[in-house]
Amino acid sequence: MSTDLTTFAGLLSSVDDPKGRELLDPATGEVVGRTREGSPADIDTAVAAARKVQSDWAARTSAERSELLNKAADAIEASAEALAELLSREQGKPLNGPNARFEVGACAAWLRANAAFELEPEVLVDDEETHAELHYAPVGVVGAVGPWNWPMMISVWQFAPSLKMGNTVVLKPSEYTPLSVQALVAVINQVLPADVLTVVPGSGEVGAALTSHADIDKIMFTGSTKTGQAIMRSAADTLARLTLELGGNDAGIVLENADPAAIAGDLFWGAFINTGQTCAAMKRLYVPESLYDQVCEALVEVAKQSPMGVGLEEENVLGPLQNKQQYDIVAKLVQAAKDSGARVLTGGDPAADQPGYFYPTTLVADIDNDNPLVAEEQFGPALPIIKYTDLEQAIGWANELEVGLGSSVWGSDLEECKKVAARLQAGSTWINKHGAVDPRIPFGGVKKSGFGLEFGIEGLKHVSVPHVISW
């Protein structure tokens, strides 16, 4: 296969800059393409252009904007395979499984879902003396900063509701995966008016220029808690509104009445979707002593049936870590578990001579709750399985960390699952599944996992400004 973007027959030629910075395939080390490096001056230009066209975009009817979002989804679907191949090569995720083709499909699905949502005025008071309504107007220009794990899909999570509500968007992708996002925007901009959606690639300096810009009215960020805190500090000067989806260390709790064989597949993919590189993936699993060995054995069997390798090879469903920094974090945390005497059920021993950032699918048993692999977010293909003897103990362990993005409860008694779910400190708690995001259902974190909601009608409200009209 060619090592540049000519593979895509010129479809994405506007993305590849022969003078730009090289992007390497994390599975093979081959050159995927080259990206130009933006600057703070480019942010100034993009924001000014977005500001200039925002009022015209907002003046269109909601139906007109929805029609263009649906046409953007059509454009993505027409280029779906090319986009998926580029995503696989740049990010590392395989084409198949809940990975590259799935992500590109989700981009179209989220655009269509937001096109269908309508945020109607709410009647607050209607009596003989007063009538009051709550209306929602566009916030203005949205600055969006995306991550490298789901670069296309999370970008759509940010800009689809923003565009639907009449905002314009300037988007800064991760420096690890800029080609994927630039390609996606190039495809979408075949149907959108000029300057409504702009992407500016670059380093952290470019991201800082965007999030501190005086003419940005709303900031949407998905990434680390540390960076989110820095963005929040800078937003104090401009009073830009914020939606921050930050790090997580999601807990799953298996109850005594669960069926290990029945839940093993969903447990595995709740943890290992995108090779574990997902903010709302399950990163620690609490299992009662009575089911512990059965759950461990069932997960090992699923792991054996889930091949890892180069993403463009159709049989693979797990891929490499996207970058060396993340590989080193996973390796360090698994080594800490091994050094403590924890039992590695499978994985934990990467091949020294394998190209790319592949870390084998790793399941770790007999591990203490305070072990670094449990207490810190690994963001990779390693799952600690912690034994508990009392449900109160498991709930306490699940809630004791500073983060709270997602969580899950697993069992055959729905009412008991719901009671446990209500006690977990997280923005979302799933029952007998994990990380099952839906464009209709609001999603966001608590504690140091951030604040603000995305998805659904609530997501539209968070990219708008409320306006009360009463008479």
Checklist entry - Trp410 ring centre to Lys433 NZ or CZ under 6.0 Å, with the angle to the axis within 45°? => result no

Checklist entry - Going by atom types alone, do Ser203 and Glu175 pair a side-chain donor with an acceptor below 3.5 Å? => result no

Item to check | Heavy-atom side-chain proximity of Phe451 to Leu246 below 4.5 angstrom | outcome: no

Checklist outcome for this item: Heavy-atom closest pair (Asp42 atom, Gly38 atom, distance to 0.1 Å) is OD2-CA, 3.2 Å

Checklist entry - Taking C-beta and beyond as the side chain, do Lys218 and Asn167 meet within less than 4.5 Å on heavy atoms? => result no

Next on the checklist: Salt bridge or not between Asp328 and Lys324? Use side-chain N to carboxylate O under 4.0 Å.
Outcome noted: yes

Item to check | Glu67 bridged to Arg60 by N-O distance under 4.0 Å | outcome: no

Checklist entry - Is the closest basic N to carboxylate O distance between Arg89 and Glu85 below 4.0 Å? => result no

Checklist entry - Does the pair Lys419/Glu416 count as a salt bridge with the N-to-O cut at 4.0 Å? => result no

Checklist entry - How long is the span from the CG atom in Leu124 to the CD1 atom in Ile469, to the nearest 0.5 Å? => result 10.5 Å

Checklist entry - Is a salt bridge present between Glu402 and Lys447, judged by a nitrogen-to-oxygen distance below 4.0 Å? => result no

Next on the checklist: Testing the 3.5 Å rule here: is there a donor-acceptor pair between the side chains of Lys164 and Ser66?
Outcome noted: yes

Next on the checklist: Can you tell me how far apart CG (Leu333) and CG (Asn371) are? Round to the nearest 0.5 Å.
Outcome noted: 8.5 Å

